[in-house]
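To start, the structure itself, in structure tokens.
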Amino acid sequence: MERDRDAVAGAGIPLVSPEKGHPPGPATLVAPTRRKWTGTLPDKFVAALVELVSTDALRETVEALASFHTRHTFSPLVEQAAEEIANRFKAAGYSDVTLRTWSNAGHSADNVICTKPGTDAGSPVIILCGHYDSRMENLNDATARAPGADDNASGVAAILEIARLLEPVALTSTVRFVAFSGEEQGLWGATAYAAELHAAGAQVFRVVNLDMVGRPPADGSVTVERDIGNAVAGNDAASLAFGAVMAQAAADYTTLPVKLGHIYSSDYMPFEAHGDVTIGAYEGEGNPHYHRTTDAPATLDYGYLADVTRITLATLLAETLKAVDEASSAVDLYIRDNPTDTGAQPSGVQFWTSPDIWVRNNDISTGDDPELGHEAPINDRPNYLYVRVHNRGTAPAAAGVAEVRTYRCDPGTGMMWPTHFQSLGTSVITAPIPAGGSARVGPFVWTPQIVDHECLLAIVSAPGDHAIPDIYPGELNHGLLARFDNNVGQRNVAPQMAAPGGKTRMTITLRGGLKATDGSWELDASALPEDTRISVRTLSRMIEPATLTDLEVKETGAVRSTVEMKGGKVAVVDGYRLDADDHVAAEITIDFSHQAEHMKRYPFVATQYQDGTVVGRMTIQITAVKELDDFFFGNPHSGEIHVTTCPYWPKLGPGSKVPFLRVEDAIARGYNGCAYCLPDHNTG
């Protein structure tokens, strides 16, 4: 670890400790109006990125810092705490991490400084800061237990989480993530660092301070602190404007009430005295654990801390994200997520059934019209994917400037972009797309291997109208792309037919995220008739620790267990743990209803959650077949295809009748014609 031992002496340091827990005056409640969604960059990227804030990561950092007996500036443990924070910055992918030593009144300690260089040469510096030292009521007691969870492990945890998420993101300005020591003694570390930067002629563009952001007041609000009437008057107007950006972020990306207050008694004050533009986020007064041993991790509200982290992340991105502002672009292409989607709002719950992505089993050169609708992909032979792209802009998209990229993924939930996806190809749109019009693109040809299911993704891009993957090289849950980016569409449907009493089988893979997560799995069979039975067989480690709702355990084993639910119910498996990039297969068998209506489609929806956030949904659509004469039926036991006039038909049980509209579909899935009823399709 690089440590600069040329200690910087403080200047003009206060002799009394600041009292952050006691504001000089009340904050004012305001009600910013949530902005209308634009569906363009950078808006949609910010909306997606703030969703990645992890409550688990925040909690883990708070607990790690609070596990130090104390982080008092005069304690030897403060050096270990600094090393811990520095190592966490390095684990997030940063190489420019230093421990900068300051000294004052015979004491010294380290500021932890992590630098993310900006892309624009000579751009000013943005500082995101908070203090990591802690204290008891007796300021001079450096040995007492002082966990300092809210004051201020909460602020440091938010800074580390923001640094983690911004590591792969291109930013125009250099950002310095700084954890100060000596705050409780009188802003010693911050004063020394502010003086050092300005002595070196550094341009400090903005300073954002986080101090006590983990325990909401009774009204659940967050206070946005602005600079009003402090040492330098000339920076007040810019601070008010910058504070308005943070208040707007609270309205746009959270449901937190917003109050406006003044900066005071924390690490932004030395920067303000140098003329820098400063703001802060603060929970407000009222924490009964302030400067007490009871300021422990269990007293924090991590959902609230996550929301404050989102607000701060969005504020930084608003100032320095390197992305073209597309709000004024005359071309705005989109792929619908549902029939009523206009590309103007983030998609709601159902974003995985795009009507603008569809499959045909035959090449259009044979006369097949892709507009006839979606067909189930057939394995082991070429299938043909089409995409429709709409233009909600005010000018036509010229021919040859926009392109569509398509991808597939194995069935499952929790898929990460781009890790779990394979390219199906790229096609340039050769015809202009008029304003208010659309164009069909394709076919994209591929040979599927997954029986009855494909997860298909399409991305359209054009100059001045980019998709999130065009600017962000990191991993994202694919659902964030489909939900927030109108340039991305997804079709994730498994259409299957079933005779009354027949069985539909499907394997779904539940995937872990970028880190270990607590999960829940919702199985929605509410649309299926009540006499339907659904069996789920998966790893016992998913079932044994979980709380089960509307599920009956039928079999348990050392490795795998089986649970069962009924149609008409919504079952939940809640409380299992998935490691980073974990893969758990779940085999689902649906014993279909005798009460189903002929040719009616019945959806069965499986939804995976990680840390309370939806990370994937998969729909199995079962089409009931009761009028049997026009269908072909595969017997999975014998591998034969039959029709209802077969002499062996009366001997076939419900589980031996998998319906197909065409005999070719059954043959493509490995079945062989019966020698008695379909001799022309029998190959021996």
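Positions are given from 1 along the sequence.
The nearest pair of heavy atoms linking Asn487 to Ala467 is CB-CB, 3.9 Å. A pairwise comparison of heavy atoms in Val50 and Arg310 identifies O-NE, 3.1 Å as the closest pair. Contact between Tyr386 and Arg360 at its shortest, heavy atoms only, is CE1-CG, 4.0 Å. Annotation for Leu551 and Val572: closest pair CD1-O, 3.9 Å, computed over non-hydrogen atoms. The minimum heavy-atom distance linking Gly489 with Asp337 is given by the pair CA-OD1, 4.1 Å. Pairing each heavy atom of Ala48 with each of Phe484, the nearest pair is CA-CD1, 3.9 Å.
Of the N and O atoms on the side chains of Asp524 and Ser526, at least one donor lies less than 3.5 Å from an acceptor on the other residue. A side-chain donor from one of Asn672 and Thr683 sits under 3.5 Å from a side-chain acceptor of the other.
Between Leu457 and Trp417 the shortest side-chain heavy-atom distance falls below 4.5 Å. Annotation: side chain of Pro370 is in contact with side chain of Arg440 (closest heavy-atom distance under 4.5 Å). Contact of the Pro636 side chain with the Tyr671 side chain is registered, since non-hydrogen atoms from C-beta on lie closer than 4.5 Å. Residues Ser656 and Phe633 form no side-chain contact, since every pair of their non-hydrogen atoms from C-beta on lies 4.5 Å or further apart.
Ring geometry, Tyr334 versus His390: the interplanar angle falls under 30°, so the pair is classed parallel (tilted spans 30 to 60°). Ring geometry for His420 versus His583: interplanar angle over 60°, hence perpendicular rather than tilted (30 to 60°).
Salt bridge Asp518/Arg577: present, at least one basic N to carboxylate O contact under 4.0 Å. Under the 4.0 Å criterion applied to side-chain N and carboxylate O atoms, Arg405 and Asp470 are assigned as salt-bridge partners.
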> Stepwise, does the side chain to side chain contact (heavy atoms under 4.5 Å, CB included) test hold for Thr532 with Phe604?
Replying inline: CA-CA 11 Å; Thr532 303; Phe604 173 81; over 6 Å; no
> So Phe45 and Ile471, side chain to side chain contact (heavy atoms under 4.5 Å, CB included) or not? Walk me through it.
Replying inline: CA-CA 9 Å; Phe45 174 68; Ile471 68 164; 3.9 Å; yes
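At distances below 3.5 Å, not a single donor-acceptor pair connects side-chain atoms of Asn391 with backbone N or O atoms of Gly437.
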